[in-house]
There are 2 protein chains.
Amino acid sequence: MESSFTPFSFINKLEPAEWHALQGIGHRDIYKKGSYIFRANELNDSLYVLLDGRIKITRLSQHGRELIQWFCLPGEIFGLSVDDNSRQRGLYATAISDAKLLCIPKCDFDQYILQHPRIALLIIKQLASRLRTLGDTLLNITSDGAHIRFIKLLQRLSKFYGREHGGEVYIDLYLTHQEMADMIGVCRQTVSSMIGRMKKHGIIASTRDGICIQSPVEFQQLSEQPDNYLQHYL
Amino acid sequence: MESSFTPFSFINKLEPAEWHALQGIGHRDIYKKGSYIFRANELNDSLYVLLDGRIKITRLSQHGRELIQWFCLPGEIFGLSVDDNSRQRGLYATAISDAKLLCIPKCDFDQYILQHPRIALLIIKQLASRLRTLGDTLLNITSDGAHIRFIKLLQRLSKFYGREHGGEVYIDLYLTHQEMADMIGVCRQTVSSMIGRMKKHGIIASTRDGICIQSPVEFQQLSEQPDNYLQHYL
DNA sequence: CTCACAGTGTCGCATGGGCGACAGCTTGGT
DNA sequence: ACCAAGCTGTCGCCCATGCGACACTGTGAG
C-alpha cells in the first residue's frame, strides 16, 4: 500500500533516514470514510502525512456552500496552513475513503525542519506549487464562464489524477456532479447538463468509475474557444 | 525609507546578521512605476525583497482579463513561486510606484536557507498564510454575489492596509474601480455603482487618497447579510 | 427482495450582473 | 493654461446561470 505514491508525493522525495526520523516524531492514526481530520475552527496544531486513502480539503461559506480546494493522495503532506496565532485554519479535511495518516505535532515538525533544512526547501516548493495551482483556479473562476471553468477543471484533474491509455485520458477519481460543481462554483444542474452535452458530442465519457477524455487534443482546443462559442456548440 | 515596514514585513523578522547575509547574496535594483519585475512566461530564477515602493502581483487570462492577486508592501518577499521545471511562474509583478528591490538568485537563496533554517520556517509561515488568504478569496468569489465580494474585499484590504483613526478605518491604498473589479472578478461599472450607493448610505467615503470605512462595526454586519438583502438595501 | 436514499437528467422562470455607450471629471504633461 | 488620456457615474438591454421542481435510475442496507 504505502509503496507506490503519486508524482506529487512528499514522502517519495525524502531520504530513507529522513523519512524514518519523521515517523519517529509522529503517530499513526486511522480515519473512517466520511470523518473529519480537522475542522475550520478547531484548535489543532498538527500536520499530517497521508499514508493511504484519500482526503478532500474544503472550505465552507457562511451560507453553507462547500468549496473543494483540492484532494490529497497518498504520500502528500497537508495541514501546513495553521495560523500560528489563532491556531485555526479555516479549512476542513475530510476522509473520502478510509485513510491512514501520520500525525505530527507542529512544534516537533518545526524542530525537525531546523534539523533537516533540505526538507524545508521541499515544503517551500510544495507550498509554492499549491499557491500557483490555487491562483490558476482563481483566475479561471473569475474570468471564465461555466463551460470553460468545467473544461479547465477536467484538465487540472487529468493533470493530477489522469492516466493515459490508448489515446484517451482516464480520470480515476469518482466525483459526483455536486462535487465538481463545488470545485468550480457553479450549481449542480449546470454541471449535469454540460456533461450531458459533452457526452452527446463524444468529447467525454462518464461512468461510475470516473470520467474519460476521449480526445485530449480536441479537448485542449475546446478550452481555447471563447465562452459564447461553447455555449452554442455544446 | 527602509526603516518602517508593515506588519507583514519579512525583513522585520530577520536578525540583523541574517539580513546582512541576505543582502550579501543579492543586488539592489530600481524599477520605474509601471514596469514589470517579471512576467508570466519569462525564464527567471530570482526572488525579490521589496525595499521601497509598491508592487502588484497579477495573472492574465487568455482573453486579456487581469486578476490582481495581491499587493506587496515594503519589507515583503515575493517571487517564491517559480516552477523549478519550467522556470516560469504564470504571474506578473508590476511596480505600481517607483520601487527599490533586492534581487536574489534562487539557487543562492536555497543555499542561504540551508544555512539559516530558521528563515525557512518564516517563509513557510508566510506561504501558508498567503495560501489561506487566497483560499478565502476563492471561497468568497465562488459563493458570494458582487456585493458581498466587494464588502469582503474591503475587509481584506483594511486588514492588510488599513489604519484606524477615530473609529473609522482608512485604507491608504489608492485603487481605481477597475483594479478593485479585477480583484473580485466583476466589471468596472458594478464596482462604481456599488461604491456610489454605499457612499449615499454613509457606509463608506471614497476620495482620491483611498477609501474610508465609516463604521467598521456596521460594515461587519453588512457582510453577514444575505446577498439579496444587500441588493435591495443598497 | 425491497425500500430508502443518493445521484442524475431535464424543464422553465426570474434575475444578477456583463457589456456598450456616453457624458462629466481629474490630472499630468508640455 | 490647455489638451489628451484616464477615471468615474449612470443608463438600458439581454443572456448565462441559479434555482425550484420532479421523475428516473442505481446501489447498499436490512
Side-chain angles (χ1 to χ4, degrees), chain A residues 33-34 61 63-67 96-97 141-151 153 173-182 184-201 204-211 225-234, chain B residues 32-34 61 63-67 96-98 140-151 153 173-201 204-211 225-234:
Chain A
K33 173 173 176 173
S61 83
H63 307 297
R65 168 160 212 135
E66 178 173 280
L67 171 74
I96 54 176
S97 69
I141 287 181
T142 51
S143 63
D144 298 318
H147 287 85
I148 302 243
R149 303 228 284 257
F150 181 63
I151 290 175
L153 170 67
L173 184 64
Y174 174 66
L175 294 174
T176 65
H177 295 182
Q178 183 64 61
E179 285 172 316
M180 293 188 252
D182 286 340
I184 56 174
V186 300
C187 70
R188 200 269 309 159
Q189 294 95 315
T190 302
V191 169
S192 291
S193 82
M194 285 189 295
I195 289 183
R197 273 172 290 161
M198 290 173 98
K199 275 163 101 168
K200 261 200 202 90
H201 285 262
I204 61 170
S206 119
T207 70
R208 272 283 126 182
D209 308 310
I211 285 187
Q225 299 302 324
D227 253 335
N228 47 26
Y229 168 78
L230 296 172
Q231 269 141 25
H232 295 105
Y233 169 65
L234 287 177
Chain B
K32 280 252 165 269
K33 173 172 177 174
S61 82
H63 307 298
R65 169 161 211 134
E66 177 173 280
L67 171 74
I96 53 176
S97 69
D98 289 0
N140 175 221
I141 286 179
T142 52
S143 63
D144 298 318
H147 286 85
I148 302 243
R149 303 227 286 256
F150 181 62
I151 290 176
L153 170 67
L173 185 63
Y174 174 66
L175 295 174
T176 65
H177 295 181
Q178 184 64 60
E179 285 173 317
M180 294 188 252
D182 286 341
M183 299 181 80
I184 55 174
V186 300
C187 71
R188 202 268 308 158
Q189 294 94 316
T190 302
V191 169
S192 291
S193 82
M194 286 189 294
I195 290 183
R197 274 172 289 162
M198 291 172 101
K199 276 163 100 167
K200 261 201 202 88
H201 286 263
I204 61 170
S206 120
T207 71
R208 270 285 124 180
D209 308 310
I211 285 187
Q225 300 302 324
D227 255 335
N228 48 25
Y229 168 78
L230 296 172
Q231 269 141 26
H232 294 104
Y233 169 66
L234 287 177

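Residue numbers start from 1 in every chain, and the chains themselves are labelled A, B, ... in the order their sequence lines are given, proteins ahead of strands.
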Send over the distance from [X] [atom1] to [N] [atom2], rounded to a whole Å.
X        : N      : atom1 : atom2 : answer
B/Arg197 : D/dT8  : CZ    : C1'   : 15 Å
A/Ile148 : D/dT17 : CD1   : C1'   : 16 Å
B/Ile141 : D/dG18 : CD1   : P     : 15 Å
B/Glu179 : D/dT8  : CD    : P     : 9 Å
A/Ile184 : D/dT17 : CD1   : P     : 10 Å
B/Ile96  : D/dC7  : CD1   : P     : 13 Å
B/Met198 : D/dG9  : CE    : C1'   : 17 Å
B/Ile204 : D/dT8  : CD1   : C1'   : 14 Å

Hey, does B/Gly196 reach any base, or is it just sugar-phosphate, or nothing, if we go heavy atoms under 4.0 Å? nothing

Atom of [X], atom of [Y] and distance for their closest heavy-atom approach:
X        : Y        : answer
A/Ser143 : B/Arg65  : CB-CD, 3.5 Å
B/Ser192 : B/His177 : OG-ND1, 2.8 Å
B/Ala146 : B/Val186 : CB-CG1, 4.0 Å
B/Asp182 : B/Leu67  : O-CD1, 3.2 Å
A/Leu175 : A/Met180 : O-CE, 3.6 Å

Identify all pairs in which a protein N or O lies below 3.5 Å from an N or O of nucleotides 19-23 of chain D, and state each distance.
residue: D/dG20; atom: N7; partner: A/Gln189; partner atom: NE2; Å: 3.2
residue: D/dG20; atom: O6; partner: A/Gln189; partner atom: NE2; Å: 3.3

Options D/dC7, D/dG9, C/dG17, nucleotide nearest the side-chain atoms of B/Ala146: C/dG17

Any A/His177 side-chain N or O less than 4.0 Å from OP1/OP2 of C/dA6: no

Once you round to the nearest 0.5 Å, how far does CE of B/Met183 lie from CD of B/Gln178? 12.5 Å

Chi angles and distances behind the side chain to side chain contact (heavy atoms under 4.5 Å, CB included) call for B/Phe150, B/Ile195: CA-CA 9 Å; B/Phe150 181 62; B/Ile195 290 183; 3.6 Å; yes

Nearest-nucleotide comparison on DNA chain D, the residue closer to the 5′ end among A/Arg208 and A/His147: A/His147

